[in-house]
Amino acid sequence: QVQLVESGGGLVQAGGSLRLSCAASGTMFNFNSMGWYRQIPGKERELVALITSVGRTDYADFVKARFTISRTQNTVYLQMNSLKPEDTAVYFCYADRPIGIRYWGQGTQVTVSS
């Protein structure tokens with residue numbers, strides 16, 4: 001059974017940094033795309049960043065130049081710098097298998113105080 005386990009969320013002051021990690025366990029599969037979404041209460045889940053198996057990255061406009069995504073084979077990271085109060089959300093990682101199955105992490109809370 002594939003599980004994505006996230007870590008690294010927490011409380012930080014505006015302008016600070018956090019690094020999120022998401023490790024896939026229970027699988028020998030290779031994932032093509034891995035990445036992060038976030039969800040603010042009352043809003044839909046939105047894509048933050050993704051990285052493909054060949055290292056191509058894509059970022060939402062609201063995090064460009066502040067967040068950096070990276071990965072090993074089955075672990076994805078999100079380095080978040082210059083955090084703003086509006087970045088406060090639950091962050092979810094995902095991993096896509098080439099056959100079209102998507103796995104989700106359980107979510108980790110990020111709170112940025114002003």
**Request:** Go through the steps to decide whether W36 and C22 satisfy the test side chain to side chain contact (heavy atoms under 4.5 Å, CB included), and finish with yes or no.
**Result:** CA-CA 9 Å; W36 296 88; C22 172; 3.7 Å; yes
**Message:** With clusters defined by side-chain heavy atoms of hydrophobic residues (ILVMFWY) lying less than 4.5 Å apart, directly or transitively, does F62 cluster with V12?
**Reply:** yes
**Message:** Checking side chain to side chain contact (heavy atoms under 4.5 Å, CB included) between I69 and each of V48, L20, V63, L78, which is the one that passes?
**Reply:** L78
**Prompt:** Closest heavy-atom contact between D87 and R66?
**Reply:** OD2-NH1, 2.7 Å
**Request:** Check the pair Y91, R38 against side-chain hydrogen bond (donor to acceptor under 3.5 Å, both in side chains), reporting the backbone distance first and the verdict last.
**Result:** CA-CA 4 Å; Y91 285 72; R38 71 185 188 186; 3.0 Å; yes
**Fill in**
Minimal heavy-atom distance between M34 and Q73, with the atoms involved, is SD-O, 3.9 Å
**Asked** Does NZ or CZ of R97 come closer than 6.0 Å to the centre of the six-membered ring of Y103, within 45° of the ring's axis?
**Response** no
**Message:** When you compare the side chains of S33 and Y94, does any donor N or O come within less than 3.5 Å of an acceptor on the partner?
**Reply:** yes
**Message:** With rounding to the nearest 0.5 angstrom, report the OG1 to CG distance, T52 to D58.
**Reply:** 10.0 Å
**Item:** Shared hydrophobic cluster, Y59 / I51 (ILVMFWY, side-chain heavy atoms < 4.5 Å)
**Value:** yes
**Request:** Before giving the answer on salt bridge (Lys or Arg N to Asp or Glu O under 4.0 Å), spell out for D61 and K64 the whole-Å C-alpha distance, their side-chain angles and the decisive distance to 0.1 Å.
**Result:** CA-CA 5 Å; D61 287 343; K64 282 181 180 176; 3.2 Å; yes
**Item:** Sub-4.5 Å side-chain heavy-atom contact between F92 and Q39
**Value:** yes
**Item:** Cluster link I99 to W104, ILVMFWY, side chain under 4.5 Å
**Value:** no
**Asked** According to a 4.5 Å side-chain heavy-atom criterion applied to Ile, Leu, Val, Met, Phe, Trp and Tyr, with indirect links allowed, do V90 and L4 form part of one hydrophobic cluster?
**Response** no
**Prompt:** Are Y77 and R19 close enough, and set up right, to give a side chain to side chain contact (heavy atoms under 4.5 Å, CB included), and what steps lead you there?
**Reply:** CA-CA 7 Å; Y77 305 94; R19 187 182 193 225; 3.5 Å; yes
**Message:** To the nearest 0.5 Å, what is the distance between CG on L18 and CG on L11?
**Reply:** 8.5 Å
**Message:** Would the distance check show the side chain of T88 and the main-chain N or O of V112 forming a donor-acceptor pair, the cut-off being under 3.5 Å?
**Reply:** yes
**Asked** Going by atom types only, do S17 and N81 share a side-chain donor-acceptor pair under 3.5 Å?
**Response** yes
**Item:** Residue pair E46, I40: steps toward the side chain to side chain contact (heavy atoms under 4.5 Å, CB included) verdict
**Value:** CA-CA 9 Å; E46 58 185 357; I40 298 168; 4.3 Å; yes
**Asked** Counting only N and O atoms by type, is there a donor-acceptor contact under 3.5 Å from the side chain of R102 to the main-chain atoms of D96?
**Response** no
**Request:** Verify side chain to side chain contact (heavy atoms under 4.5 Å, CB included) between F67 and L83, making sure each step is shown before the conclusion.
**Result:** CA-CA 9 Å; F67 292 8; L83 282 160; 3.8 Å; yes
**Asked** If you round to the nearest 0.5 Å, how far is NZ of K84 from OG of S114?
**Response** 14.0 Å
